[in-house]
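My questions will all concern the structure given below.
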Number of protein chains: 2
Amino acid sequence: MVEAPRNTRQRRAVAELMEDLDGFRSAQQIHALLESRDQNVGLSTVYRTLQALADADEVDALRSDDGETLYRRCSRGHHHHLVCRDCGRTVEVEGPTVERWADRVAEENGFADISHTLEIFGTCASCRP
Amino acid sequence: MVEAPRNTRQRRAVAELMEDLDGFRSAQQIHALLESRDQNVGLSTVYRTLQALADADEVDALRSDDGETLYRRCSRGHHHHLVCRDCGRTVEVEGPTVERWADRVAEENGFADISHTLEIFGTCASCRP
DNA sequence: AGGAAGAGTGAGAACCGTTGTCAAATCGTG
DNA sequence: CACGATTTGACAACGGTTCTCACTCTTCCT
């Protein structure tokens, strides 16, 4: 049995903020957003808390093209993302076909302990002329 | 018309090394490998050369989970990778099914100008106990 | 409630991959 | 060969992230 994390003002602030956001944000953006809500939380703590939330599968983390880690509250379970590259709006998608394909390809080549990353980027309807 | 790059010892050394490797390597690993071949090339130059090769589509670049950019000589054309997370050995794979799935999902959600990233990580047969 | 134990916090330093700087070396053309 | 433009490389700078450690706060026990 793992130790439950303590219920601190900082963790509450981060978790509540994540509830209110609906796109991927960097740790630094989240830190800044907390300040603008007069909920000051140290940058280290923001990083630690987001990692903890990601470990607990309460947020998803993905790496942007320029190397930042982005976080977003997401539904549980394995899924992928369709992300608008203009406004950041994100749709969660599932692809059982893809999962099966990935497993089969890996197995055919003698690979085990498979994981995969799959993200789709595009321009959403409201960001198009 | 773009200016052709000069034919320097350093560029030749990097290009030749990439020919001999068959997995994704970080810029720093490539720099170290060059030293072990007595082909000293400055680290800045390694970075610059790899970026140039990637821009020219002569190598593929992808970001590892821990944020490093990894490079590998690859065949042209759209494909994905099955990468061993221990030894870096890489198999190029194609997934017409996945391509179609991604396009359909994007279209259903009103997204256009689609691109996607898909990499599969696992442990290859020879890296398993 | 009071208090001890120890998890959590945060300011700043450290870290690490990567990019920028600029004087010196090199390429290749005239 | 000589010249000008490109390239190189030692080193500094940068940016995101992690570490450190003294101090704070939660929690649990009585």
Original post:
Mapping A:T45 and B:D66 to their closest nucleotides on DNA chain C, which lands nearer the 5' end?
Top reply: A:T45

Listed pairs, N/O of protein and of nucleotides 11-13 of chain D, under 3.5 Å:
| unit_1 | atom_1 | unit_2 | atom_2 | d |
| --- | --- | --- | --- | --- |
| D:dC11 | N4 | B:S44 | OG | 3.3 |

Subject >> Comparing A:R11 and B:E68 on DNA chain C - which has the more 5′ nearest nucleotide >> reply: A:R11

Subject >> Sidechain-backbone polar pair: B:E92 side chain, B:S75 backbone, donor-acceptor under 3.5 Å >> reply: yes

Original post:
Rounded to the nearest Å, what distance is computed from the CD atom of residue A:Q51 to the C1' atom of nucleotide C:dG8?
Top reply: 15 Å

**OP:** Take the C1' atoms of the five end pairs on each side of the helix from C:dA1-D:dT30 to C:dG30-D:dC1, get both axes, and report the angle to 10 degrees.
**Re:** 30°

**OP:** List for me each residue that meets ring-ring contact (aromatic ring centres under 6.0 Å, His included) alongside A:F111, sequence neighbours excluded, and say none if there are none.
**Re:** none

Subject >> Set of ring-ring contact (aromatic ring centres under 6.0 Å, His included) partners for A:H31, sequence neighbours left out >> reply: none

**OP:** Send over the distance from A:L50 CG to D:dT18 P, rounded to a whole Å.
**Re:** 10 Å

Original post:
So, the side chain of B:R11 versus the backbone of B:T49: is there a donor-acceptor pair under 3.5 Å, distance only?
Top reply: no

Donor-acceptor list for residues 114-128 of chain A side chains, cut-off 3.5 Å, not counting sequence neighbours:
| unit_1 | atom_1 | unit_2 | atom_2 | d |
| --- | --- | --- | --- | --- |
| A:S115 | OG | B:R85 | NH2 | 3.2 |
| A:H116 | NE2 | A:H78 | NE2 | 3.2 |
| A:H116 | NE2 | A:H80 | NE2 | 3.4 |
| A:H116 | NE2 | A:E99 | OE1 | 3.0 |
| A:E119 | OE1 | A:H81 | N | 3.4 |
| A:E119 | OE1 | A:H81 | ND1 | 3.3 |
| A:R128 | NH2 | B:G110 | O | 2.3 |

Original post:
A:D65 CG to D:dG16 C1': how many Å, rounded?
Top reply: 16 Å

Subject >> B:Q10 (side chain) donor-acceptor with B:T45 (main chain) under 3.5 angstrom >> reply: no

**OP:** Figure out the CG/C1' separation between A:N40 and C:dG10, and round it to whole Å.
**Re:** 11 Å

Subject >> A:T97 and A:R100 side chains, donor-acceptor separation under 3.5 Å >> reply: no

Subject >> Spacing of B:Q39 atom CD relative to D:dG9 atom P, expressed in whole Å >> reply: 12 Å

**OP:** Determine, for nucleotides 21-30 of chain D in 5'-to-3' order, which nucleotides have protein heavy atoms under 4.0 Å from the base (write B), from only the sugar-phosphate (write S), or from neither (write -).
**Re:** ----BBS---

Subject >> Euclidean distance, atom OH of residue A:Y47 to atom P of D:dT18 [Å, nearest integer] >> reply: 7 Å

**OP:** Send over the distance from B:L70 CG to C:dG17 P, rounded to a whole Å.
**Re:** 11 Å

**OP:** Kindly check if the number of other-residue, nucleotide or ligand heavy atoms within 6.0 Å of CG (A:D65) is above 12?
**Re:** no

Original post:
Could you give the NE2-to-C1' distance, from A:H31 to D:dG15, as a whole number of Å?
Top reply: 15 Å

